[in-house]
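Nothing fancy with the numbering, it's 1 onward along the sequence. The figures that follow rest on heavy atoms only: side chains count, while hydrogens, waters and symmetry mates do not.
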Amino acid sequence: MELEISAYPAKEEHWPSLIGLGKTYYPSGHPALTEKFLKWFYLDNPAGPAILIAAHENDLLIGLVVLIPVTLESAGTIQRACYAVNVLTHPDHRGKNLFVKMIRHARDYLSAEGIWLLGHPNPSAVPGWKRQKMEFRDLLHLYLAKFRFPFSSIREHEIRNLKQLRAIPDSFFVSLAERQDVHVRCYPEYIQWRFLDAPHKEYRVVAVESHGEFLGLRITRKFKGP
């Protein structure tokens, strides 16, 4: 048996093997087991198609890391990057150190292209990431939004399509690009894809204004909780 790890762009012809591997991990009804979700997540991204880091043994897909392109920016400087998501290994082939081998392959592939590798691993995957010299940021903290006071000058309207997103003043996106911190580049087509077109979750995109001046966007989704 010969193990082969390779990198290639996602295509619709890959759906059967991706869904087949996904069924060994995801429960029935999970979005990742549908072609609609895979097309949205892997192909429709305005930053480009996903890259599959795939481990094959005798032409059978036994391991996967999906690299989702994203554009970062800081003070007007652009940096290409990819998020590593949907990391899977077939249960019959665990113990072969596939995770570390695939991450190493992803790192080398992206490094040769000058692309940053990003990840948000679960606790069990952290040791493997650390062995690949991954640097970790501080944990994010969750906050609840404060309700708007009555008679406030703040006005809101929901955004439902790309035309409305493109109507947002260019100065808003310019101000984001000029921020000094490294952040995901925000532009109408990205917001449309990431939130309005998402087939698995319902997001609400709201424009916030005061006295006719555009202040920003608030993006939320419903969740079950106390």
Side-chain angles (χ1 to χ4, degrees), residues 1-72 78-137 184 193-194 197-201:
M1 296 183 183
E2 184 176 349
L3 175 66
E4 179 184 0
I5 300 179
S6 54
Y8 46 83
K11 297 180 181 180
E12 291 190 17
E13 64 193 55
H14 300 138
W15 296 168
S17 60
L18 296 177
I19 292 174
L21 179 61
K23 286 180 178 178
T24 67
Y25 177 79
Y26 298 115
S28 176
H30 192 279
L33 301 180
T34 65
E35 294 186 359
K36 181 178 181 180
F37 175 87
L38 294 178
K39 181 180 181 300
W40 166 76
F41 201 24
Y42 294 177
L43 295 185
D44 295 343
N45 183 352
I51 301 297
L52 306 181
I53 305 297
H56 288 88
E57 195 169 83
N58 296 338
D59 295 327
L60 175 67
L61 181 64
I62 63 172
L64 179 71
V65 175
V66 182
L67 303 178
I68 303 296
V70 65
T71 303
L72 305 179
I78 297 297
Q79 172 63 49
R80 291 189 299 160
C82 281
Y83 277 106
V85 301
N86 294 3
V87 180
L88 299 174
T89 58
H90 194 285
D92 294 341
H93 297 269
R94 288 171 186 163
K96 298 180 179 180
N97 211 23
L98 286 178
F99 170 73
V100 172
K101 292 176 181 177
M102 291 188 297
I103 290 297
R104 184 184 299 126
H105 192 95
R107 183 198 63 189
D108 294 344
Y109 172 84
L110 295 179
S111 178
E113 300 291 330
I115 302 174
W116 288 3
L117 175 61
L118 310 176
H120 38 83
N122 58 36
S124 63
V126 168
W129 281 99
K130 287 185 175 179
R131 286 196 294 272
Q132 296 305 311
K133 311 300 182 183
M134 175 66 70
E135 297 181 8
F136 287 86
R137 300 182 65 174
V184 174
W193 168 74
R194 177 63 181 84
D197 290 345
H200 62 308
K201 294 177 182 177

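Annotation: side chain of H93 is not in contact with side chain of L3 (no heavy-atom distance under 4.5 Å).
Shown here for A55 and L98, the closest heavy-atom pair between the two residues is CB-CD2, 4.2 Å. Here the closest heavy-atom approach between residue P69 and residue P49 is recorded as CG-O, 3.2 Å. In terms of heavy atoms, L117 sits closest to A84 at CD1-CB, 4.0 Å. Heavy-atom minimum distance, I51 versus P9: CD1-CA, 4.0 Å. Across A10 and L43, no two heavy atoms sit closer than the pair O-CD2, 3.2 Å.
Expressed to the nearest 0.5 Å, how far CD of E4 lies from CD of E57 amounts to 11.0 Å. Note that CG of D197 and CZ of F41 are 13.5 Å apart. Values are rounded to the nearest 0.5 Å.
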Listing, residues 16-31 side-chain donor-acceptor contacts under 3.5 Å, not counting sequence neighbours, or none:
residue : atom : partner : partner atom : Å
S17     : OG   : H14     : O            : 3.0
T24     : OG1  : L21     : O            : 2.6
H30     : ND1  : A32     : N            : 3.0

Output a table of donor-acceptor pairs, distance under 3.5 Å, between side-chain atoms of residues 100-109 and any protein atom two or more places apart or on a different chain; print 'none' if there are none.
residue : atom : partner : partner atom : Å
K101    : NZ   : K96     : O            : 3.4
R107    : NH1  : Q132    : OE1          : 2.9

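Heavy atoms from other residues, nucleotides or ligands lying under 6.0 Å from CG of D92 number more than 12.
With sequence neighbours excluded, the residues forming a side chain to side chain contact (heavy atoms under 4.5 Å, CB included) with V87 are V65, F99, listed by chain and number. Judged as a side-chain hydrogen bond (donor to acceptor under 3.5 Å, both in side chains), and not counting sequence neighbours, R80 has no contacts. Checked against side chain to side chain contact (heavy atoms under 4.5 Å, CB included), L72 has the following partners two or more places apart in sequence or in another chain: V70, Q79, A81, W116, L118, V182, V184.
The side chain to side chain donor-acceptor pair (under 3.5 Å) pairs that include a residue from residues 42-55 are K39-D44, Y42-N86, where partners are two or more places apart or lie in different chains.
Using modelled atom types, no side-chain atom of W15 and backbone atom of K36 make a donor-acceptor pair closer than 3.5 Å.
Exactly one residue among V66, L110, L67 makes a side-chain contact (heavy atoms from CB on, under 4.5 Å) with I53. That residue is L67.
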